[in-house]
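Here's the structure we're looking at; comments come further down.
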Amino acid sequence: MEYDFQSIEKKWQRYWAENKTFKVYNESSKPKYYVLDMFPYPSGAGLHVGHPLGYIASDIYSRYMRLKGYNVLHPMGFDAFGLPAEQYAIQTGQHPDKTTEENISRYRRQMDNIGFSYDWDREVRTCDPEYYKWTQWAFLKMFDAYYDAEQDKARPISELIGKLRQEGKWDGLSEREKSDLLMNYRIAYQGETAVNWCPELGTVLANDEVKEGLSVRGGFPVEQKKMKQWQLRVSAYAERLLKGLEEIQWSDSLKEMQRNWIGKSEGCEILFKVSNGTIDYDMTIFTTRADTLFGVTFMVLAPESEWVKRLTTPEHKDEVEKYIAYVGKKTERERISETHTVTGVFSGSYAVNPLSGKNVPVWISEYVLAGYGTGAIMAVPAHDSRDYAFARKFDLQIVPLIEGCDVSSESFDAKEGIMCNSGFMNGMSVKQAIPAAIDYVEGHGIGHRKVNYRLRDAIFSRQRYWGEPFPIYYKDGIPMPVDEADLPLKLPEIDDFKPTEDGQPPLARAKDWTYKGYPLETSTMPGFAGSSAYYLRYMDPHNCDALVSKDANEYWRNVDLYIGGTEHATGHLIYSRFWDKFLYDMGYVCEYEPFRKLVNQGMIQGRSNFVYRIVGKNTFVSCGLKDKYRTTEIHVDINMVKNDVLDIGAFRKWRPEYADAEFVLEDGKYVCGSAVEKMSKSMFNVVNPDNVCRKYGADTLRLYEMFLGPIEQSKPWNTKGIDGVHRFLRKFWNMFFEGDVLAVTDNTPTSLELKSLHKLIGKAQSDIESFSFNTTVSAFMICINELGSLNCRERAILEPLVIVLSPFAPHICEELWERLGHEESISYASFPKYEEKYLKEDTFECPVSFNGKVRFKLTLEKGIPESEAEDIVLADPNTVHWLGGKPVRKVVFVPGRIINIVF
RNA sequence: GCGGGUAUGGCGUAAUUGGUAGCCGCGCAAGACUUAGGAUCUUGUGACUUCGGUCGUGGAGGUUCGAGUCCUCUUACCCGCACCA
């Protein structure tokens, strides 16, 4: 009987939708399991074969856990606010709402084609007012909270006001003073800092939205600018975000990425007396190398540091101002690319080294960052390469502090060796000197221990339209929260999505954008706002009274398995953990880590094809001959290329300018060049899963994507092996039929058949649980080959087989399940029990090798029970009694293993 | 520069976690059935070989009776961070 995957898949996709097979309830006697995918941003390009990789894996796991008897929450939604839809709106005037809606339905259609087992009744969309009501709600809660350092958690701001009142710092303040004071404490606060300003996008960006000085979305230059922005006090959670990593099952690399991003460094703050000749100040710097204090030969301030003004002496004023202006003009990108050019200027002031008492000059240089530490450093050129480069350029003194180190051509940065030139530290090793120096500094009142984090507060406002409006209005310029009862504060309609002529965000165009007669905030929230707590909303998506009810939250708790890409390592995955911890502090949720286990699926790269056009001509040269000409490489649509051979007819039709193109062929063919690149529309290398489904079916696509290799590995898409997987499914299908009739018997299976089945069950179980889906697929193929050659037709074998395969290839399995006479969906079946006893053989040979030379075989007699196998002594004492000079006592037979020799 | 990872046939990969290296699939070769094959089935397929064997998991050492797996050094590639004091 023919395996008609198209009608089978259509039939079951409809059946699942109509019967709500995968609807999941919050009440169940079963244990819960929560499997989550990172929800997609619905872009205009649609899904390509890379997207479903993680979705297929999570779907397999969900289906598997259902069969294992769990109540599985497996939802899907859309991260629908964001820049691309808005950029598109600006260009076309089309409302982002409309394009977003269209994109979502395309995504939905594509996902349905693959047969995912989502409970679509729980779908969330971040741009839906009923959803973003809770994003705004969380913001209000953060606005109304502060971080209590003593309890080490967030508390309502009313508690802080109580404390301030007791300390006499509250009563008598004006409204504005009160507001300004509280802004220094609120978790969500408005503050003026240097931000990443992207003029092209007309908005500020968070640190994780900027890479190499360019915006991640769009790749436009970004500059540093001081602006007043809404921010989230993520930095208050730095230590807890770091500690929490220890108890979650994420990959080491991902945890490491978060650790780096949080960037904890332990050191101390040290007070330096500085003087500009007329006034003396105390200036604080941060260092992790207090042991090098005796080698400090100059100080450096960041150009943006507030100390610059105070310490610039009149005779250096011109020069310093010129330098500051020069630095200020540079874009972030220029600053990064010119990292190795040393620039700086002398302020005219001097500082006193608190240990040696020597006067050292204070310089200003862009290599010191305003945002880290105190924006000022002590420079130890002998032991820091950056200070070294600076000292060499401006001819400053270099004092080595480690015996025998050579600083004639580079600094000695390693933390090893014996100290010298260092007063009381002389003779100590560096490892001893570091704590000794800190103790000394603390003991003499010139500084104190300090832990610094690289993690900054998250800039939370965007000067854009397509995002959540802030529930904030301004009463006489003082920011006030919108009443909770008035949420959601809906995004107003506007007719033009560009910023206003005077640089106001687009919301300033909205008519009547006011609340209680006062103007509302015109910025909107960033992309990560809506994605920070979406996993909580899935637990209770239709609740109008709470983000998630207490019952629902206590049942589902947190995500057991989260699958998604690494690209969110320092964005979403930090913010989401922060957001969750805040809600935990305030008692709204019961778990302080949102994602227990996280698996990163690798990227599926595209394989691009190129043609080579001779410069200035409309002639194209085949790849092997291209070196004989001056050519330019042009991406061609991979749909016009088969096995790297170009379909010339299709190419001529592709673009009008190629209609009369000419070709220089090799062996009568035009051979294209190829490369592995990111799958993207602009490189014409996108493989659409719809096409694969049409040609081979969703089950083949699912199996094939898993078969491609380990889930965490990145790999290029190639369709070469897909026929093999498809063939396997056809073979599987044919096992059930003789001609056009079902040929399944109720005979008792043979021991060989049972062995084959249980080998598969055992392997599938352990492999699925360790996410080795590629080896599971291999195991299926082996099993089907074995059973095929045994001409297996027994229901007792085939039925469990269908169940085991069903998480991977659900459509074909449902169809067979039904034909086997079952009325309920296979989702309600239970995973077959693995029975080791079927694997036992009557006789088996255990070859053992040692010394690389001698080999012998051990044969266990028929009928010897496993429990007695331990006591079997090797038959030939001359061969094995001595192994590497040690006597062999016994040989233990362990099922599934070859042999274990015990000495 | 710092951190993480990877390296196995022509290709994607596997190896019971220290125990017969190369499972499964692709590709390739031969054969069968065919008017035909980009269909299906069977068999073979790491290299060398004087057919006895020998060599073989990026490279060089080491531990071990035994190493793809553990340790040291080294090379190449991928990813992340990067004047973070």
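Per chain, numbering begins at 1; letters A, B, ... match sequence-line order.
- When each of A:D387, A:T343, A:T341 is paired with A:Y367, the side-chain hydrogen bond (donor to acceptor under 3.5 Å, both in side chains) condition holds for A:D387 and for no other.
- The side chain of A:R454 has B:A82 as its nearest neighbour among B:A85, B:A15, B:A82.
- Nearest-nucleotide positions on RNA chain B for A:T570 and A:D387 put A:T570 closer to the 5' end.
- Within a heavy-atom distance below 4.0 Å of RNA chain B, the residues of residues 365-378 of chain A found are A:Y367, A:V368, A:L369, A:Y372, A:I377.
- Separation of the P atoms belonging to B:G9 and B:A14 is 14 Å when rounded to the nearest angstrom.
- Between A:W717 and A:Y704, the ring planes lie perpendicular to each other; the angle is over 60°, past the 30° to 60° tilted range.
- Side-chain nitrogen and oxygen atoms of A:S265 include at least one within less than 4.0 Å of the OP1 or OP2 phosphate oxygen of B:A85.
- In this entry the base of B:U69 is anti relative to its sugar, with a glycosidic angle more than 90° from 0.
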Exercise. Passes ring pair (Phe, Tyr, Trp, His ring centres under 6.0 Å), A:Y696 versus A:F5? Steps please.
Worked result: CA-CA 8 Å; A:Y696 296 96; A:F5 56 86; 7.8 Å; no

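- Listed by first then second residue, pairs satisfying salt bridge (charged side-chain N to carboxylate O under 4.0 Å, His left out) with a partner in residues 294-305 of chain A read A:E304-A:R335, not counting sequence neighbours.
- When distances run from any side-chain atom of A:M781 to the nucleotides B:G80, B:C81, B:G25, the shortest one goes to B:G25.
- When only modelled atom types and interatomic distance are considered, A:Q397 and A:T297 share no side-chain donor-acceptor pair under 3.5 Å.
- Residue contacts shown for A:P710 are limited to sugar-phosphate atoms, with no base heavy atom under 4.0 Å away.
- Side-chain atoms of A:K720 lie closest to B:C26 of the nucleotides B:C26, B:G80, B:A85.
- For A:E712, there are no side chain to side chain donor-acceptor pair (under 3.5 Å) partners, not counting sequence neighbours.
- A gap of 36 Å separates the P atoms of B:A47 and B:U35, to the nearest Å.
- A side-chain donor-acceptor contact under 3.5 Å links A:S385 and A:D413.
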Please tabulate the protein-to-nucleotide N/O contacts below 3.5 Å involving nucleotides 5-12 of chain B, giving atom names and distances.
| residue | atom | partner | partner atom | Å |
| --- | --- | --- | --- | --- |
| B:G12 | O2' | A:L708 | O | 2.7 |

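- One finds a side-chain N or O of A:N774 lying less than 4.0 angstrom from the OP1 or OP2 phosphate oxygen of B:A14.
- A straight line from NZ of A:K763 to P of B:U17 spans 11 Å, rounded to a whole angstrom.
- A glycosidic torsion no more than 90° from 0 defines the syn conformation; B:G68 lies beyond that range and is anti.
- Aromatic rings of A:W733 and A:F728 (six-membered ring for Trp) have centroids beyond the 6.0 Å cut-off, not under it.
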Exercise. Could you spell out the base pairing of RNA chain B in dot-bracket, with Watson-Crick or G-U pairs whose two distances are under 3.5 Å, [ ] crossing and | to another strand?
Worked result: (((((((..(((......[....)))((((((.......))))))(((....)))..(((((..]....))))))))))))....

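- B:G52 shows a glycosidic angle within 90° of 0 and is accordingly assigned syn.
- Out of B:C24, B:A85, B:G4, the shortest distance to the side chain of A:F286 is found at B:A85.
- Across all strands, A:D413 comes closer than 4.0 Å to no nucleic acid atom at all (heavy-atom distances).
- Taking the charged nitrogens against the carboxylate oxygens, A:E269 and A:R449 have no contact shorter than 4.0 Å, which rules out a salt bridge.
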Distances under 3.5 Å only, N/O to N/O: pair up the protein atoms with those of nucleotides 40-45 of chain B.
| residue | atom | partner | partner atom | Å |
| --- | --- | --- | --- | --- |
| B:U40 | OP1 | A:R730 | NH2 | 2.6 |

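- B:U8 and B:G22 are spaced 8 Å apart, taking the C1' atom of each and rounding to whole Å.
- In this structure, A:F298 has its ring center closer than 6.0 angstrom to the ring center of A:F390.
- If you take CE of A:M257 and P of B:G4, they are 12 Å apart, rounded to a whole angstrom.
- Counted by atom type alone, A:H726 and A:T700 present one or more donor-acceptor pairs between their side chains at under 3.5 Å.
- Of the residues near RNA chain B, A:V777 and A:G263, the one whose nearest nucleotide (by heavy atom distance) lies more toward the 5' end is A:V777.
- Of the N and O atoms on the side chains of A:Y372 and A:S265, at least one donor lies less than 3.5 Å from an acceptor on the other residue.
- Taking atom CD on A:E712 and atom P on B:C78, their separation rounds to 20 Å, with Å as the unit.
- Taking atom NZ of residue A:K695 and atom C1' of nucleotide B:A39, one finds them 14 Å apart after rounding to whole Å.
- Remark: the A:S772 side chain and the A:D767 side chain contain no N/O donor-acceptor pair separated by less than 3.5 Å.
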